[in-house]
*Asks:* 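Take a look at the following structure, please.
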Amino acid sequence: MRVLVTGGAGFIGHHLVQSLLAAGDDVAVIDNLRRSARSAVHPAARFFEGDIRDPAALAASVRGCDTVYH
């Protein structure tokens with residue numbers, strides 16, 4: 001399954017991304033990195049730096065995803 005995790009560089013999002021990847025999901029992350037760092041995003045996840053309040057950034061990150069965890 002293709003999954004998008006908003007805030008995937010944060011504490012909870014980081015752990016959710018790890019669990020989804022371990023389950024075999026294809027994971028993408030969108031995060032504005034205001035309270036986190038790029039290094040917190042798992043290297044196997046596709047990363048989009050942006051704010052979910054930006055329609056263009058959100059549309060790019062959610063394209064092709066089956067599920068969004070917010």
Side-chain angles (χ1 to χ4, degrees):
M1 179 166 45
R2 295 189 74 187
V3 178
L4 174 67
V5 178
T6 65
F11 181 78
I12 294 170
H14 169 79
H15 290 285
L16 176 58
V17 168
Q18 286 182 327
S19 294
L20 291 167
L21 287 169
D25 292 315
D26 179 14
V27 180
V29 167
I30 184 169
D31 200 299
N32 62 14
L33 301 179
R34 287 184 60 213
R35 296 189 200 169
S36 54
R38 172 66 175 95
S39 60
V41 178
H42 195 286
R46 290 183 321 284
F47 178 68
F48 298 89
E49 184 173 352
D51 195 300
I52 62 170
R53 297 172 293 180
D54 176 358
L58 186 58
S61 63
V62 77
R63 190 170 292 118
C65 290
D66 303 305
T67 302
V68 176
Y69 288 95
H70 173 68

*Asks:* Counting only heavy atoms not in Arg35 (residues, nucleotides, ligands), do more than 12 fall under 6.0 Å from its CZ?
*Replies:*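 No - once you tally the heavy atoms of other residues, nucleotides and ligands closer than 6.0 Å, there are 12 at most.
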
*Asks:* Taking Asp31 for the side chain and Ala9 for the main chain, is one N or O donor matched with an acceptor at less than 3.5 Å?
*Replies:*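 Indeed, once roles are kept as given, a pair shorter than 3.5 Å links the two residues.
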
*Asks:* Identify whether Val62 and Val3 are in the same connected component of the hydrophobic contact network (ILVMFWY, side-chain heavy atoms under 4.5 Å).
*Replies:*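 No; Val3 is not reachable from Val62 via cluster members.
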
*Asks:* Tell me if a side-chain donor or acceptor on Asp25 pairs with a main-chain N or O of Val27 at a distance below 3.5 Å.
*Replies:*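 Judged by distance alone, no pair lies under 3.5 Å.
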
*Asks:* Of Asp26, Val41, Ile30, which meets side-chain contact (heavy atoms from CB on, under 4.5 Å) against Arg46?
*Replies:*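 When side-chain contact (heavy atoms from CB on, under 4.5 Å) is applied between Arg46 and each of Asp26, Val41, Ile30, only Asp26 qualifies.
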
*Asks:* Are Leu16 and Leu4 connected in the hydrophobic side-chain network, where two residues link if heavy atoms are under 4.5 Å apart?
*Replies:*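 The answer is no; the residues belong to distinct hydrophobic clusters.
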
*Asks:* Please check if Val17 and Phe11 belong to a single hydrophobic cluster, counting links between Ile, Leu, Val, Met, Phe, Trp and Tyr side chain heavy atoms closer than 4.5 Å.
*Replies:*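 Not linked; separate clusters.
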
*Asks:* Can you hop from Val29 to Leu58 via hydrophobic side chains spaced under 4.5 Å?
*Replies:*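 No: no chain of side-chain contacts under 4.5 Å links Val29 to Leu58.
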
*Asks:* Is it true that Leu20 and Ile52 fall in one hydrophobic cluster, defined by side-chain heavy atoms closer than 4.5 Å?
*Replies:*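 Shared cluster, no.
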
*Asks:* For Arg38 versus Leu33, what's the shortest heavy-atom pair and its separation?
*Replies:*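 That would be N-CD2, 3.7 Å.
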
